[in-house]
Amino acid sequence: VSQSRYSLKQFLKSIKRSGFGPNLFDAWRYLDYGEPGMDHSKRPLNPDFSLNQSRFHGASVLCVRKNFGCGSSREHAPWALEDFGFRIIIAPSFADIFYNNCFKNGLLPIVLSETDVDAIFHAVAAFPGFELLIDLPAQTVSFVDQSRVMSFEVDPFRKDCLIHGFDEIGLTLRHREIIREFEAKRHQAQPWLTASRYYRDWE
């Protein structure tokens with residue numbers, strides 16, 4: 001298979017945060033070559049790709065191998081994962097830019113040891129309908145029967161943002177009243193710095 005078969009650059013033309021879910025892992029999920037605007041309901045699915053199996057429909061946790069997100073420097077990757085329905089990604093390691101972009105877009109990337117990730121993969125293969133319990137405040141990943149409990153690290157600030165549903169804009173808007181007050185005083189003291197006033201004066 002040619003390298004271009006796996007290129008997804010054709011989908012990176014939009015700056016909207018939604019609509020990328022159908023193109024997640026596009027070259028693996030479908031048997032044809034994907035283009036923007038296609039009717040995905042009519043595209044041939046790859047029966048060998050795990051996410052096309054009915055047992056994984058509606059999954060919110062994605063378990064992957066090391067260095068996940070390598071080569072992804074844009075936020076389109078976490079946009080696609082979130083739009084598809086994933087909320088948590090578990091891997092032994094992540095590409096740095098992708099890892100940071102996940103937090104900026106409300107996804108929780110969890111780093112576990114390769115041994116722990118192997119255990120999850122084996123359990124998923126052995127038990128259809130297998131579920132994990134993820135406790136962000138306690139920073140643990142557990143099997144439902146508590147036969148295995150795994151701890152993970154997360155930056156306290158990022159943890160707090162995820163728990164309360166804040167992105168960087170949301171954090172800023174918590175201080176909207178202070179910002180409005182500051183802008184009103186600045187406009188009175190330095191009206192020439194306000195673009196709208198500048199253009200009104202020249203109309």
Side-chain angles (χ1 to χ4, degrees), residues 17-18 20-29 45-171 174:
R17 299 178 62 160
S18 60
F20 290 99
N23 302 120
L24 179 67
F25 304 126
D26 194 276
W28 291 336
R29 287 172 61 199
L45 294 173
N46 177 5
D48 296 325
F49 186 58
S50 58
L51 294 186
N52 289 335
Q53 299 175 19
S54 60
R55 62 178 295 199
F56 296 121
H57 290 177
S60 59
V61 179
L62 178 65
C63 190
V64 292
R65 296 299 184 178
K66 62 183 180 180
N67 203 27
F68 186 72
C70 179
S72 172
S73 61
R74 303 188 188 184
E75 293 189 60
H76 293 73
W79 289 350
L81 287 160
E82 193 275 337
D83 195 60
F84 189 83
F86 290 117
R87 298 295 177 266
I88 298 166
I89 319 292
I90 297 175
S93 62
F94 294 91
D96 288 342
I97 295 177
F98 173 82
Y99 182 81
N100 291 319
N101 282 341
C102 281
F103 285 106
K104 292 177 182 290
N105 290 278
L107 290 175
L108 172 60
I110 294 177
V111 177
L112 296 178
S113 69
E114 291 196 49
T115 300
D116 285 336
V117 171
D118 281 339
I120 294 173
F121 270 106
H122 289 316
V124 170
F127 306 105
F130 176 79
E131 294 181 347
L132 284 172
L133 298 176
I134 287 80
D135 188 331
L136 177 54
Q139 298 178 205
T140 58
V141 177
S142 309
F143 288 10
V144 174
D145 62 4
Q146 297 297 304
S147 61
R148 193 179 190 98
V149 179
M150 301 154 277
S151 299
F152 63 90
E153 298 296 322
V154 62
D155 176 80
F157 172 74
R158 287 172 161 172
K159 173 182 174 179
D160 186 68
C161 288
L162 287 173
I163 289 175
H164 294 97
F166 288 125
D167 59 10
E168 293 172 338
I169 295 175
L171 285 170
R174 291 189 302 173

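Predicted, not measured: the structure shown is a model, and the values here were computed from it.
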Any residue meeting salt bridge (charged side-chain N to carboxylate O under 4.0 Å, His left out) with Lys104, in chain and number order, not counting sequence neighbours: Glu168
Worked check of side chain to side chain contact (heavy atoms under 4.5 Å, CB included) between Lys159 and Phe103: CA-CA 9 Å; Lys159 173 182 174 179; Phe103 285 106; over 6 Å; no
Check whether any side-chain heavy atom of [X] lies under 4.5 Å from a side-chain heavy atom of [Y], and answer yes or no.
X	Y	value
Arg158	Leu108	no
Phe98	Pro78	yes
Ser142	Asp135	no

Euclidean distance, Asn52 CG relative to His57 NE2, rounded to 0.5 Å: 6.5 Å
Distance in Å, Ile110 CD1 paired with Cys63 SG, rounded so as to fall on 0.5 Å steps: 10.0 Å
Gln53 atom CD, over 12 foreign heavy atoms within 6.0 Å: yes
Glu153 CD: over 12 foreign heavy atoms closer than 6.0 Å: no
Can you give each donor-acceptor pair under 3.5 Å made by side-chain atoms of residues 82-94, sequence neighbours left out, with the distance rounded to 0.1 Å?
residue, atom, partner, partner atom, Å
Asp83, OD2, Gly19, N, 3.4
Asp83, OD2, Phe20, N, 3.4
Asp83, OD2, Gly21, N, 2.8
Arg87, NH1, Glu82, O, 3.0
Ser93, OG, Asn67, N, 2.7

Check whether any side-chain N or O of [X] sits under 3.5 Å from a backbone N or O of [Y] as a donor-acceptor pair, and report yes or no.
X	Y	result
Asn46	Trp28	yes
Gln139	Phe152	yes
Asn105	Trp79	no
Asn100	Asp96	yes
Arg29	Phe49	no

Please list every donor-acceptor pair under 3.5 Å in which a side-chain atom of residues 114-127 meets a protein atom from a residue at least two apart or in another chain.
residue, atom, partner, partner atom, Å
Asp116, OD1, Arg148, NE, 3.3
Asp116, OD1, Arg148, NH2, 2.9
Asp116, OD2, Ser113, OG, 3.3
Asp118, OD1, Arg65, NH1, 2.5
Asp118, OD1, Arg65, NH2, 3.4

Which atom of Thr140 lies closest to which atom of Ser151, heavy atoms considered: CG2-OG, 4.2 Å
Ile134/Leu132 under side chain to side chain contact (heavy atoms under 4.5 Å, CB included): CA gap, chis, key distance, verdict: CA-CA 6 Å; Ile134 287 80; Leu132 284 172; 3.7 Å; yes
